[in-house]
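The analysis underlying the following values was restricted to heavy atoms, covering all of them including side chains, and did not include hydrogens, waters or symmetry mates. Residue numbers start from 1 in every chain, and the chains themselves are labelled A, B, ... in the order their sequence lines are given, proteins ahead of strands.
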Protein chains: 2
Amino acid sequence: MSSVTHQTIRQSILERIQKGEWALGELIPGEAVLADEYGCARTTINRALQGLASEGLIVRKRKGGTRVSEMPVRQAKFDIPIVREQVEAFGAQYRHQVLRKAEKVPPLGIRTRLGLEKGAKALQLDTIHLADGRPFAFEARWVNLQVVPEMRNAPLDEISANEWLVQTVPFSSGDVVFTAVSASKEVASALEAKEGAAIFVIDRTTSLAGDFVTTMKLFYREGYQLYSQL
Amino acid sequence: MSSVTHQTIRQSILERIQKGEWALGELIPGEAVLADEYGCARTTINRALQGLASEGLIVRKRKGGTRVSEMPVRQAKFDIPIVREQVEAFGAQYRHQVLRKAEKVPPLGIRTRLGLEKGAKALQLDTIHLADGRPFAFEARWVNLQVVPEMRNAPLDEISANEWLVQTVPFSSGDVVFTAVSASKEVASALEAKEGAAIFVIDRTTSLAGDFVTTMKLFYREGYQLYSQL
DNA sequence: TAGTGGTCTAGACCACTCA
DNA sequence: GAGTGGTCTAGACCACTAT
């Protein structure tokens, strides 16, 4: 294959943008022109430019042409891993322990997030995740049993609720919120931290085809950092 | 255009995966077969499958075929916005104030992150971002003057360092770390919070073509939440 | 070595939107 | 109305890798 591929073109145009060949908001040459310039088919240019557009570096409009983005949106992508993998990535041994497993009527906030009717029960699951025997993260979870009734019988000694759900209900979607909170008495004791310690929290709700499956708060031990590249 | 587009096909195949038509790790039909099934060109199928692969839902290998991902990686994407836009998104009025602007030799940690030689000076900039006059975020920044010497004369009364850099050195890359910390005396006073309060921190280092431009810690006011979709 | 995905091309038509 | 990007097609060749 020649060295003129959509990837090399994409890289080349990226560098031209970074070098300032076109100012912010300025029109860059059309696909036809670039195709001629790079000596390739318009399709190939199109693919390169669509890649850059999906990253937010350029803005494309029919008839309006392609412009360098005026407000390049910086996007960070995070892999949201399974806690066990995080622990093992630290080179530590993973273990988890279910602290509470109860079927009961959830508080209003949880009920809303799971889309449950008033009085409906859900499964409450509190888990502590351990790295080399020391607390790594505390998980407070509610599961919608109307969607995954099998969860009642999941072997939670062998596999964490997190992983069981990933395997049983894969490819669900959802949202995530990151926050910092002061450790409550309950969280502090689970994490063996002082009450009031600054704790990094991931608050996550998962849904499958419009049904809310589970909502969870994950409280990490003090000093935990979540890393990503722009 | 017919209703058979790469997008509709992608959605269709996504639904088939979610419905469990193929088990985790199972081989799905080849491009040629799917093209026949959907009555379109192989190119179109290819585009749809590449989209799903880029999201980590399927894994593709030449000769090996396409398989449903065994460990679907959940990725969260965040827009990392400019603080002013965050404040204005809350419907509040934005204002900022430079608390410190000094050219001096940075501590070792900062020096390393900016790739500076021993004894080299950098620009230290502390800024408080205000929403309706109340502290929203405290920014502690160091700028590599070897890369952006113009920063010395930037009109920081009119435009925040953040925005000035985005406009002057757009399209840079970098990394981000999210953490929770207890407010130090300095941070607490800047944010008008209690010492020891749980503060959400974004720690960010930016580079351009291998040169480190700036490193910054952004301490958000108590209760701040960063939201994203999976 | 054979089969699968990765990519390019050339041409075509369509959809949007600016003037 | 005209110019730009969005997409599809049909065919071709290549690159990787499982067998």
Does B:Glu139 come within less than 4.0 Å of B:Arg204, counting only side-chain N to carboxylate O? no
With respect to the phosphate group of D:dG6, does any side-chain polar atom (N or O) of B:Gln7 fall under 4.0 Å of OP1 or OP2? no
Apply the side chain to side chain contact (heavy atoms under 4.5 Å, CB included) test between B:Thr44 and each candidate in B:Glu31, B:His6, B:Arg10, B:Gln7; give the one that qualifies. B:His6
Between atom CG in A:Leu27 and atom P in D:dG5, what is the gap in whole Å? 8 Å
Round to the nearest Å and state the distance from B:Leu52 atom CG to C:dG5 atom P. 13 Å
Round to the nearest Å and state the distance from A:Glu31 atom CD to C:dT9 atom P. 13 Å
Closer to the 5' end of DNA chain C via nearest nucleotide, is it B:Thr66 or A:Arg62? B:Thr66
Using ring centroids (six-membered ring only for Trp), state whether B:Phe78 and A:Phe78 fall under 6.0 Å. yes
Return no unless some side-chain N or O of B:Asn46 is found under 4.0 Å from OP1 or OP2 of C:dG6. yes
Whole-Å gap separating C1' (C:dG6) and CD1 (A:Ile9): 15 Å
Base C:dT7 to side chain B:Arg42, donor-acceptor N/O within 3.5 Å cut-off: yes
So, taking the atom named CD1 in A:Ile80 and the one named CG in A:Leu226, what distance separates them when rounded to the nearest 0.5 Å? 7.0 Å
Between atom CD1 in B:Ile45 and atom P in D:dA10, what is the gap in whole Å? 13 Å
Considering just the side-chain nitrogens and oxygens of A:Gln50, establish if one lies under 4.0 Å of OP1 or OP2 belonging to D:dG6. yes
For the pair B:Thr127 (side chain) and B:Gln97 (backbone), establish whether a donor and an acceptor sit closer than 3.5 Å, ignoring hydrogens and angles. no
Does B:Arg60 have a side-chain nitrogen or oxygen under 4.0 Å from the phosphate oxygens OP1 or OP2 of C:dT4? no
Checking contacts here: which listed nucleotide (C:dG3, C:dT9, C:dA15) is nearest the side-chain heavy atoms of A:Thr44? C:dT9
Whole angstroms only, please: what is the CZ-C1' distance between A:Arg67 and D:dG3? 14 Å
Whole-Å gap separating P (D:dG6) and NE2 (B:His6): 10 Å
Rounding to a whole Å, what distance do you find between B:Leu49:CG and C:dG6:C1'? 12 Å
Starting at the 5' end of DNA chain C and moving along, which residue's nearest nucleotide shows up first, A:Gly39 or A:Lys63? A:Gly39
Winner on side-chain proximity to B:Thr43, out of D:dT4, C:dG5, C:dC8, is C:dC8
